[in-house]
Amino acid sequence: MNAPSFWLDSLGAIEKRAPLGGDLTVDVAIAGGGYTGLWTAYYLAAADPTLKIAVVEAEYAGFGASGRNGGWASGLFPVPESKLARRFGPEKAAAMHAGLADAVDEVGRRAEAEGIDCDYAKGGTITLARSAVQLRRVQGSPGFVDADAARAICGASDVLGGVYSPDCAAIHPAKLVRGLADAAERLGVRIFEGTRVLRLARGSVVTDHGTVRATTVVRALEGYTARLEGHRRALAPVYSLMIATEPLPPSDWERIGLARRETFSDERHMIIYGQRTADDRLAFGGRGAPYHFGSRIEPGFDRVPAVFDSLRQTLTEMFGIDPPVAYRWGGPLGIPRDWMPSVGLADGVGWAGGYVGDGVAAANLAGRTLADLIRGEHTERTALPWVGHRSRRWEPEPVRWLGINAALHATTLRDAWEKRAG
């Protein structure tokens, strides 16, 4: 399939909005038409209808990770709560995770309020322990469940236990982002597609179709941030790949479970993630694709046959099925040097991102937070520990290429060693 993802292909032909028609002056200019940029625009317009807001997007709303991800609106955060507590204190760490948990529900509330049918199903998420060493890692963790409880949720092979969290909803990500764009437009936001951002600075967003001048500009480019002049080392674009099966028969689902469309993964170090779609497919993804020298992003990097084969083999090994694969796709996500997502506003320039693959709910929280910051409001959200955080830049090449790919290789080796040694 040639579509950017199963999710986007399932929507049929996408008609692009018109590009920017020349220079424009607004109150807020947002670079990036994914979840972060659109949620920011949506909440700003809802709070103050007098604001003039423009969103500029190189392709179309949802072309990037927002329309290609695994469909998890989760309360997960790449930095463990224990680490946040050591750095910021237990109260702020708890507030960060409570904010993300609430964002899972807020996505559902906004989708219902705006009539966005994004297949939202809050069944929670289960991380399976499928070996003795994985079981030892999770025993005693909050949300730990024994083998019987874990297997009752997800009928994978060799399940010895797991960790369950209710703070996750399975969604159709492309339906959400395209519906969100429509909702923002109904509030008066102007969205220009087919308009690539070239430079961003205080007071202006320079594009290939003209310059948008604004009191506040927002960078919301996530995995594509490295393409922006002066930001090549801000976030590393690391690829995550996915497959989607044909709809599976009821007999398979009786064994696999996921009756409430719980999302699932396991305790291996190389991240995998999956969900049962509303039309009874398995949508399943994982890391392992290489990082490309110089933070390059190319359409051909979305497809790594060895990774696709590995994902299919993993499904076979987990569920005892040989699923017919209907779609294969991938795309870049943004990883900061310290794996700490951030939101901020300084000197008229706002930013949010670095979600490390857990951006569906986080982007909603980020959008609300940016709306507060831009409007000068002090709220519980603006006091969260990720606000104002600045990760140090990634190393220059070739150190960046060597380090990231060495870490990917080491992660694969560690999983193989654990499987062999027990």
Tell me whether the count of non-hydrogen atoms from other residues, nucleotides or ligands lying under 6.0 Å of [atom1] in [X] goes above 12.
X    : atom1 : result
E246 : CD    : yes
K16  : NZ    : yes
E380 : CD    : no
E91  : CD    : no

So, the side chain of [X] versus the backbone of [Y]: is there a donor-acceptor pair under 3.5 Å, distance only?
X    : Y    : answer
E397 : G294 : yes
T40  : L38  : no
D23  : T211 : yes
H231 : A234 : no
K92  : A383 : yes
D280 : P247 : no
S5   : L8   : yes
E59  : G194 : no
T379 : R381 : yes
N364 : E106 : no

Review point. Angle class for the W386/F77 ring planes (parallel below 30°, perpendicular above 60°, tilted otherwise)?
Key: perpendicular

Practice item. For the pair W329 and Y327, name the ring-plane relationship: parallel under 30°, tilted 30 to 60°, perpendicular over 60°. Key: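 Aromatic pair W329/Y327 classed perpendicular.
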
How close do [X] and [Y] get, heavy atom to heavy atom, and via which atoms?
X    : Y    : result
L128 : A156 : CD1-CB, 3.8 Å
G33  : E57  : N-OE1, 2.8 Å
R178 : E15  : NH2-O, 3.9 Å
L24  : A54  : CD2-CB, 4.1 Å
G37  : A220 : N-CB, 3.7 Å
D302 : G331 : OD1-CA, 3.8 Å

Heavy atoms, side chains only, cut-off 4.5 Å: are [X] and [Y] in contact?
X    : Y    : result
L282 : I256 : yes
P290 : F301 : no
W7   : T277 : yes
T314 : M270 : no
Y239 : P332 : yes

Please determine if [X] forms a cation-pi arrangement with [Y], meaning its NZ or CZ atom is less than 6.0 Å from the six-membered ring centre and no more than 45° off the ring axis.
X    : Y    : result
R68  : F63  : yes
R390 : W351 : yes
R337 : W394 : yes

Practice item. Please check if the distance between the ring centroids of Y35 and Y355 is under 6.0 Å. Key: no

Point to revise | Gap separating the CD1 atom of I272 from the CZ atom of R287, nearest 0.5 angstrom | key: 11.5 Å

Practice item. To the nearest 0.5 angstrom, please state how far the CG atom of D119 sits from the CG atom of D117. Key: 5.5 Å

Exercise for review: For a side chain to side chain donor-acceptor pair (under 3.5 Å) with Y42, tell me which candidate from R368, E114, R186 qualifies.
Suggested key: E114

Review point. Mind checking what makes side chain to side chain contact (heavy atoms under 4.5 Å, CB included) contact with R232, not counting sequence neighbours?
Key: S295, R400

Exercise for review: Sequence neighbours left out, what passes side chain to side chain contact (heavy atoms under 4.5 Å, CB included) with H409? Give chain and number order.
Suggested key: L413

Would you say the side-chain atoms of [X] and [Y] include a donor-acceptor pair closer than 3.5 Å?
X    : Y    : answer
H389 : D338 : yes
Q275 : R261 : yes
T382 : D372 : no

Practice item. Starting from the C-alpha separation in whole Å, work towards a yes-or-no answer on salt bridge (charged side-chain N to carboxylate O under 4.0 Å, His left out) for D208 and R196. Key: CA-CA 6 Å; D208 57 355; R196 185 176 298 280; 5.1 Å; no

Practice item. Would you please test D105 and K122 for side-chain contact (heavy atoms from CB on, under 4.5 Å) and show each step? Key: CA-CA 8 Å; D105 294 328; K122 192 184 177 188; 2.8 Å; yes

Review point. With a 4.0 Å cut-off, would you call R328 and D309 a salt bridge?
Key: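 Salt bridge flag = no for D309 with R328.
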
Exercise for review: In plain terms, say whether R17 and D182 are close enough for a salt bridge, that is, a side-chain N and a carboxylate O under 4.0 Å apart.
Suggested key: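 Between D182 and R17 there is a salt bridge, with a charged N closer than 4.0 Å to a carboxylate O.
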
